[in-house]
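Heads up, the thing below is written out as C-alpha cells.
Any value given below was found using the heavy atoms of this structure, including those in side chains, with hydrogens, waters and symmetry copies removed. Within every chain, numbering begins at 1; the chains are lettered A, B, ... in the order of the sequence lines, protein sequences first and strands thereafter. Because the structure is predicted, anything quoted here is derived from the model rather than measured.
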Amino acid sequence: MAAIIELRNATRIYHKGETVIHPLDNITLTIEAGDFVALMGPSGSGKTTLLNMLGGLDTPTSGEVRVCEQDLAQLSPRQLARWRADHVAYVFQAYNLLPVLTAYQNVELPLTLLRLTRAERRQHVETALKIVGLEDRMKHRPDELSGGEEQRVAIARALACDPQLLLADEPTGDLDAHSAQEVMDLLVSLNKEYGKTVIVVTHDPKVAKMARRQLHLEKGVLMKDFANGDHAPVDA
Amino acid sequence: MRLLMHNLLRRPLRTSLTVFGVGVALFLLCFLEAVVEAFNTGVNMSDASRLVIQHKESLSFNLPTSYKSLIEQTEGVKRVAGGVWFGGLSQEQLPGGDKREEFFANLAMDLENYFLMYPEIKVPEEQGRELMSDRNGCVLGAKLAARLKKKLGDRIVLRSTIWGQPSGPLWEFNVRAIYTSDSPTFDQTLMFFHLKRFDEGRMFAKGTVGIYIVSISDPARAQEIASAIDKRFQNSPFETRTMSEKAFNLKFVSMVGNFKLLFRSIGSAVVLTMLLVSANTMMMSARERTREMGILKALGFTDGHIFRLLIGEALVICGLGALLGAGGAFLAANVLHLNPKPDFFPIFYLPTRSLLLALGIAALTGFLSGLVPALAGMRLKATEALRSV
C-alpha cells in the first residue's frame, strides 16, 4: 500500500515571549493510503497541531511533510488552499457549519471551488447527504438540526469533494453516546467502503479502538504507535 | 455570491440601517450638489461669444445709453443690447383683499437685440411680433408663467423696490409672449420687458443702463475685443469693465459668498460620516465571523476569496445605499422635478457628473470600509481563527 502521509523530523516551535514551546518535536511518521488512524494524547500534546500540519493549515518549523505525494513546503499559500480543496477534508469537533446556509448549501460550499456545473454540484451534494443519511434534511439550517445531524452534515461536506484524506478533530467530542457511535460508524464505513484515509484526533479510548492504528503523542513527541486490528484492513 | 448575500441578511436590521445611513448621506450629498448647480445656473447659461460690460467701479453705477452706438463700432462686435435690473415683486390680489408678492428675476431689456443674441430662447413668431408691437408688453419664461399661472394676454403688476414712476411704484405689463428653451441649463423663470418703456417711465437715472451685453464674431478674440471696448471709454466719466459672460455670472454668484466651499465642506463631512458608519458595520460583521473565515480557509478558500467576500459585502451595502440615496435624489430632482425653493432656484436638477460622483464615492466608501476587515480576514491564520469563539 502506498504512503499517503510521510513526516520526516517534523518539528513545530512557537515563541511565546521568551518561552519556546514545542507542540511537535521531531516527528517521523508514515501513514498508508486507506488507513484509519486514531491520534491520542493529553491536551497540549500536539494532536491538533499535527492534524493541522497534515491539512496544510500549519507548517513545520523544520522537517518535511509530504501528503498525497506533495511536499507541502513547496506550495504557495494560494496553491496550498487549492491543494486542500482537492485532497483533504476536515471534520471539526464543533461541526463548524456556516449558520446562514442550509445543509445543502453547506455541503455545496467546497464544491464551488471546483469547476463543476450546477447539476454536477447538485449530484455531489445529494450523494454526500445520502451517504450520511440526511437527504431529507437538506433544506434545514444548522440551528434546525441536532448535534449528531450537524456533524453528519459536516461529514457530508467533507465527502462532497471526494477527498483522499479525511481529518477529524475530536468529531464526537460534543456528541452524546448514541450520536457519537453513529458518527464513528459513518467514519468507519467511509474508510471501509469508500477507501478514505481517516485520521481522528480523540481522547476517547472507545473511539480510538475503532481505528486500525493508534498514535499517542505526549509533549509533542510520538510516544506510541501500534495497530488495533479491530476492524478488517482495507484493500487499497 | 450566495454566501455574500446570506452574510448580508444575517443581521437584516443592521444591514438595513447601514444601507439607510449610506443612502441618507448620499441623498444629502446629491442635494448639496444640486444646490451648487442651481447657484451656477447663470454660469452654465454663459456663452463664450458674449461679453458683458458694466461700470468699472461697480454694478451699482450705470452706463449711458449713448455708449451703445460707440460699442457697436468696435471691431469684432456684432450686436449690443442694454439692460437694467428691475428688481420688482409681482403683486397678486387675493380674494380676501390681501396681496401676495412673489420674487423672481425681472429685467428691462433691449429685447430685439437681446433675443437675437440668445438663440437658446425660443419665442413663437406670432408672440414675438405681439411683444414688439406692445410697449407695455412683457415676455415670461414658461416655468415662471406656470408658477404665476399667467397666460398670454394676462396683466402682471410689479412693485419695484428700486424704480418708481410718477404715478407710484407699481408697473403694469401685458403678457405678450412666453419663451421656452431647448437648453436644459437655460433659466426659464425670467421676465423681460422693453427698456424703452422702462426708461420713459422711471423717475431717475434716465438714459442709462446697468449693463450692456455684447455678442462678438470670434470668441477667440474675446479678450482683445474686451480690452478695445474698455480702452475706448478710458478716462471718461463712465469707465467700463468688459468681461466674458461667464466671468460676469461667476462674479455675480460670488457676491453670495463662498457657498461652494461651505456646501462642499458639509458634503465632505457627510461622506466621512458615511465611511465611518459603513466601516463600523463591516468591522463588526467581520469580527463576528472570524471562526467562519477559518472554516472557509480550512475548506480550501484562498485569502483572495476571503478578501473579495468582505470587500464585496461592503460594496453591496454602499451600492444599495447609492441606489437609495443617489437614485432617490435623481428621481426627486430630475424625474419628479421637485424643487425645494423654486423662486430661489429657477433650475434645480442633479447633474450627471454629480450622480456619477455620488456613485464613485459610494464605490470608494465601500472599498475603503471593507478594506481593513478584508485585509485582516486575508491575513488571518486558519488555525487561530478556528480557535476563536
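To the nearest 0.5 Å, atoms CZ (A/Arg84) and OG1 (B/Thr302) are separated by 10.0 Å. Rounding to the nearest 0.5 Å places CG of A/Leu57 at 11.5 Å from NZ of B/Lys381. Going from atom CZ of A/Phe92 over to atom CD1 of B/Ile295 covers 6.5 Å, rounded to the nearest 0.5 Å.
In this structure, the portion of A/Glu108 lying under 4.5 Å from any heavy atom of chain B is its side chain and not its backbone.
Around CD of A/Glu120, the count of heavy atoms belonging to other residues, nucleotides or ligands within 6.0 Å exceeds 12. Crowding of A/Gln123 atom CD: a count of heavy atoms from other residues, nucleotides or ligands under 6.0 Å not exceeding 12.
The shortest non-hydrogen separation linking A/Arg157 to B/Leu299 is NE-CD2, 3.8 Å. Summarising the geometry of B/His305 relative to A/Leu113, their closest heavy-atom pair is CE1-CD2, 3.4 Å, with the distance given to 0.1 Å.
Counting heavy-atom pairs closer than 4.5 Å to chain B, the top-ranked of the candidates A/Leu80, A/Asp86, A/Leu98 is A/Leu98.
By the 4.5 Å heavy-atom criterion applied to side chains, A/Asn96 and B/Arg291 are counted as neighbours. In this structure, A/Leu109 and B/Leu296 have side chains that are in contact, with non-hydrogen atoms separated by less than 4.5 Å. At least one side-chain heavy atom of B/Phe301 sits under 4.5 Å from a side-chain heavy atom of A/Thr112.
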